[in-house]
Amino acid sequence: MTDYERVMRAVSSVREKTDFEPDIAIVLGSGLGALAESLETVCALSAEEIEGYPVSTVSGHNGKLLFGYLEGKKTVIQQGRIHYYEGYSMGEVVLPVRLMCALGAKTVILTNAAGGIDPTFKAGDFMIIDGQISTFVPSPLVGANDERFGTRFPDMSEVYSRRGRALLEKTAQELGIKAKHGVYLQTTGPNYESPEEVRAFKILGASAVGMSTTVEAIAARHMGREVLGVSLISNLAAGLGGKVLTHEEVKEAGDKAAASLTRYIAAVVKNI
Ligand code: HPA
């Protein structure tokens, strides 16, 4: 079965349960689940209820799609992201985002927790993603191309739309948030980077590093959708903060930022 067929099978399986057509899709990063509480949910589907949807066997944190209204806008939220480091193929990793787009989403908002590389970044900052480096992970488009998703060789010169970045900046200013801007680089994980890698990524132009997002952005752009991205800088990248990195630190930063990120993303959705 091709990735296209797998996504279409998932679409049929969702359509047996809801006819909700979202305009906006949001992917929540580590520790950023609080946004789901602001959604007026009309339908919640667990990974197991959607045919072909990757079910996490590793963490026990099973994925969910939540359909409903956020600031009055028809929205679907993906809770429980699928990570490449869990052993899924990139086709599986991007299945949820493709599914949300196939169900109707025209705008995709990607969030994540990331390690800050730019020397002006502090833990707790928000970074509006202006661009990305996906070179260190396999493309989700490898394999047979189905033109019903998009063209074989899609352009990636404006992954994060100019309009979306301006909207993120304007909304941050309205809320009194001093958002940073930068380039997000994805690694496969699950290990954090070495300080040498962090120095190399800096030379390459990365402002922040994490283990998700760029492949989802590529899959959404392949389908012609508009992509917006926000990173929570949960920590300074290895070698820059003077201490070892732990997943607990990343989760704690997510918990601390949850309320303000939730307010921010909800306001962004309102302004779309
Ligand atoms: N590196 C990679 N991924 C991350 C980090 C980091 O420092 N922080 C949160 N996700």
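These figures come from a predicted structure and were not determined experimentally. Atoms within each ligand, like the ligands themselves, are counted from 1 in listed order. This chain uses plain numbering: 1 for the first residue, then up along the sequence. Hydrogens, waters and symmetry mates play no part in the numbers below; they use all other heavy atoms, side chains included.
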Atom pairs and distances, side-chain donor-acceptor, residues 252-265, under 3.5 Å, sequence neighbours left out:
from, atom 1, to, atom 2, distance (Å)
Thr262, OG1, Ala258, O, 2.6
Tyr264, OH, Leu168, O, 2.7

Is Lys74 salt-bridged to Glu21, going by a charged N under 4.0 Å from an acidic O? no
Looking at Arg165 and Glu169, does any basic side-chain N land under 4.0 Å from a carboxylate oxygen? no
Set of salt bridge (charged side-chain N to carboxylate O under 4.0 Å, His left out) partners for Lys178, sequence neighbours left out: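 Listed in chain order: nothing, the list is empty.
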Sequence neighbours left out, what pairs pass salt bridge (charged side-chain N to carboxylate O under 4.0 Å, His left out) with at least one residue falling in residues 199-225?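 Residue pairs passing salt bridge (charged side-chain N to carboxylate O under 4.0 Å, His left out), neighbours aside: Arg81-Glu216.
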For residues His222 and Pro154, report the shortest heavy-atom separation together with the two atoms involved.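 Shortest heavy-atom contact: CD2-CG, 3.8 Å.
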For ligand 1, give me the residues whose heavy-atom distance to it is below 4.0 Å, by chain and number please. Ala113, Ala114, Gly115, Tyr192, Glu193, Val209, Gly210, Met211, Ser234, Asn235, Leu245, Val250
